[in-house]
Amino acid sequence: TKDLNEAVRGRNRQVAGRAQIVRGDMRMKQKQYERAAINYLRTAELFRKEQELNAEALFKAAAALDEMRDERAAGLREELRSEFPDSEWTGRLKGG
């Protein structure tokens, strides 16, 4: 949507990162797993300093890659565990 696109391009990093994740969430619901993964991975890369956004993006990117049966999902989960051991998103991983 137009508002989402404006938020992604906005100056507020938290809002922009959240909008990017919402965009990925929308694509996941539409079963556009590759496009969702791209949105999440872009968020993880561009918002490295925003730890909770980064952790959420890694978690959701792994889920999108799982839907595509892409083995790289395991690496993202490992990155999430090692980079963000105390994150709520790490806690959501199967096996903690």
Take Asp70 and Tyr33 through the test side-chain hydrogen bond (donor to acceptor under 3.5 Å, both in side chains) and record every step on the way to the result.
CA-CA 11 Å; Asp70 189 314; Tyr33 303 122; over 6 Å; no

Who passes side chain to side chain contact (heavy atoms under 4.5 Å, CB included) against Ala55, sequence neighbours left out?
Leu80, Phe84, Ser87, Trp89

What verdict does the side-chain contact (heavy atoms from CB on, under 4.5 Å) test give for Glu67 and Met28, after you've listed the backbone C-alpha separation in whole Å, the side-chain angles of each residue and the deciding distance to 0.1 Å?
CA-CA 9 Å; Glu67 290 291 341; Met28 282 292 282; 4.3 Å; yes

What salt bridge (charged side-chain N to carboxylate O under 4.0 Å, His left out) pairs are there with at least one residue in residues 37-55, not counting sequence neighbours?
Arg13-Glu50, Glu45-Arg48, Arg48-Glu79

Could you tell me which residues satisfy salt bridge (Lys or Arg N to Asp or Glu O under 4.0 Å) with Glu88, sequence neighbours excluded, listed by chain and number?
Arg92

Results of salt bridge (Lys or Arg N to Asp or Glu O under 4.0 Å) for Arg27 - residues two or more places apart only
none

Value rounded to 0.5 Å, distance of [atom1] in [X] from [atom2] in [Y]:
X: Arg35; Y: Arg23; atom1: CZ; atom2: CZ; result: 9.0 Å
X: Glu34; Y: Leu65; atom1: CD; atom2: CG; result: 9.5 Å
X: Phe59; Y: Thr90; atom1: CZ; atom2: OG1; result: 9.5 Å

Met68 reachable from Ile38 in the ILVMFWY side-chain graph, under 4.5 Å edges:
no

Over 12 non-hydrogen atoms of neighbours within 6.0 angstrom of CD in Gln30:
yes

Can you give me the closest heavy-atom contact between Asp25 and Tyr40, atom names plus distance?
OD1-OH, 2.6 Å

Over all heavy atoms of both residues, which pair between Gly17 and Thr43 is shortest? Give the atoms and the distance, please.
O-CG2, 3.9 Å

Is Lys60 paired with Asp66 through a side-chain N to carboxylate O contact shorter than 4.0 Å?
no

Pairing of Glu56 and Arg18 as salt bridge, 4.0 angstrom limit
yes

From CA spacing to verdict: side-chain contact (heavy atoms from CB on, under 4.5 Å), Leu76, Leu41:
CA-CA 10 Å; Leu76 293 179; Leu41 291 169; 3.9 Å; yes

